[in-house]
Amino acid sequence: MSGPASRPSTGFVAWIEGLPCSGKTTLSRAVGEQLRDAGHKVEILDGDEVRQMFSPELGFSRKDREFHARRVSYVARMLARNDVAVMVAMITPYETSRQAARATVGERFTEIWLRCPVEVCRQRDPKGLYRGSPLVRGTKLTGVDDPFEEPLNPDLTVDTASGTIEGETRRIVEHLLQRGFVRPRSGG
Ligand SMILES: Nc1ncnc2c1ncn2[C@@H]1O[C@H](COP(=O)(O)OP(=O)(O)OP(=O)(O)O)[C@@H](O)[C@H]1O
Ligand SMILES: [Mg+2]
């Protein structure tokens with residue numbers, strides 16, 4: 001992806017997907033902090049917040065979820081081409097949405113799957129999402145009463161059930177370094 005003056009952009013999109021409570025918010029913030037320390041401009045497009053702002057009229061059908069993901073990928077692309085390191089922290093239950101996001105952003109895109117069994121997510125549940133029925137929740141919950149398609153083509157898979165937050169953060173930063181998206185820390 002080229003910037004306005006057709007020099008290579010230093011921005012990129014890390015699309016971080018996984019079940020509710022798999023760690024998307026936690027890890028995107030931790031990675032974002034490290035990237036800021038290394039001098040990157042960082043924006044995190046995080047699930048709930050972005051949904052309220054971008055798509056308040058949409059529900060949680062397949063069609064609506066896919067449409068919302070398209071809006072997010074378009075904005076992520078715009079930020080990335082202006083040198084922003086973009087972290088998208090979104091469940092993204094459908095493979096079609098992931099592929100569409102990759103196609104929208106282009107080369108400077110990486111898909112990171114936070115793999116975590118639903119039982120572990122249920123135990124963590126900091127927002128109480130897994131408690132109660134769909135009626136109580138007011139919406140269907142991915143992994144419980146709505147599907148999560150196993151990602152077919154993630155660039156990185158991180159098992160968030162077994163590791164530590166620090167170790168997982170390091171894994172993701174190393175992956176971004178390997179991809180050439182992130183510059184190594186200068187000095188010490
Ligand atoms: N190894 C780990 N990796 C990630 N999160 C962990 C880990 N161990 C415990 N946790 C905890 O699991 C919870 C994950 O919640 P988080 O809000 O980050 O998930 P999420 O994927 O953003 O969920 P949602 O889709 O509901 O926004 C946090 O409370 C975090 O502290
Ligand atoms: Mg979250």
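Residues take their numbers from the sequence shown, with the count starting at 1. We count ligands from 1, going down the list as the structure has it; atoms in each ligand are counted the same way.
For Asp48, no nitrogen or oxygen atom sits less than 3.5 Å from a nitrogen or oxygen atom of ligand 1, counting backbone and side chain alike. Any N or O atom pair closer than 3.5 Å counts here, and Ser22 shares at least one such pair with ligand 1. Looking at Gly23 next to ligand 1, an N or O pair under 3.5 Å apart turns up. Between Cys21 and ligand 1, at least one N/O pair is under 3.5 Å apart.
The shortest contact between atom 25 (O) of ligand 1 and any protein heavy atom is with Lys24 NZ, 2.8 Å. Summary of contacts: the protein heavy atom closest to atom 18 (O) of ligand 1 is Thr26 OG1, 2.5 Å. Summary of contacts: the protein heavy atom closest to atom 9 (C) of ligand 1 is Arg124 NE, 3.4 Å. Scanning the protein heavy atoms around atom 3 (N) of ligand 1, the nearest turns out to be Glu168 OE1, 2.6 Å. Protein heavy atom in closest approach to atom 17 (O) of ligand 1: Thr25 CB, 3.9 Å.
With contacts defined as side-chain heavy-atom distances shorter than 4.5 Å, the pair Trp113/Glu150 qualifies. The shortest side-chain heavy-atom distance between Tyr74 and Val105 does not fall under the 4.5 Å cut-off. Taking the side chain as every heavy atom from C-beta outward, Phe109 and Ser73 never approach each other to under 4.5 Å.
With a heavy-atom cut-off of 4.0 Å, Leu19 touches ligand 1 through its backbone alone.
Note that CG of Leu114 is 8.0 Å distant from CD of Glu17, once rounded to the nearest 0.5 Å.
Among pairs with a residue in residues 58-70, those fulfilling side-chain hydrogen bond (donor to acceptor under 3.5 Å, both in side chains) read Ser55-His68, Arg62-Glu66, Arg62-Thr96, Arg62-Glu149, Arg65-Thr142, Arg65-Asp146, Glu66-Thr96, at least two apart in sequence or across chains.
At a cut-off of 2.8 Å, measuring from the Mg ion (ligand 2), the protein N, O or S atoms that fall short of it are Thr25 OG1, waters left aside.
Under a 4.0 Å criterion applied to the non-hydrogen atoms of Leu129, ligand 1 contributes the atoms 26 (O).
Residue contact check for ligand 1: Gly163 places a non-hydrogen atom closer than 4.0 Å to it.
Between the side chains of Trp15 and Thr110, not a single donor N or O lies within less than 3.5 Å of an accepting N or O.
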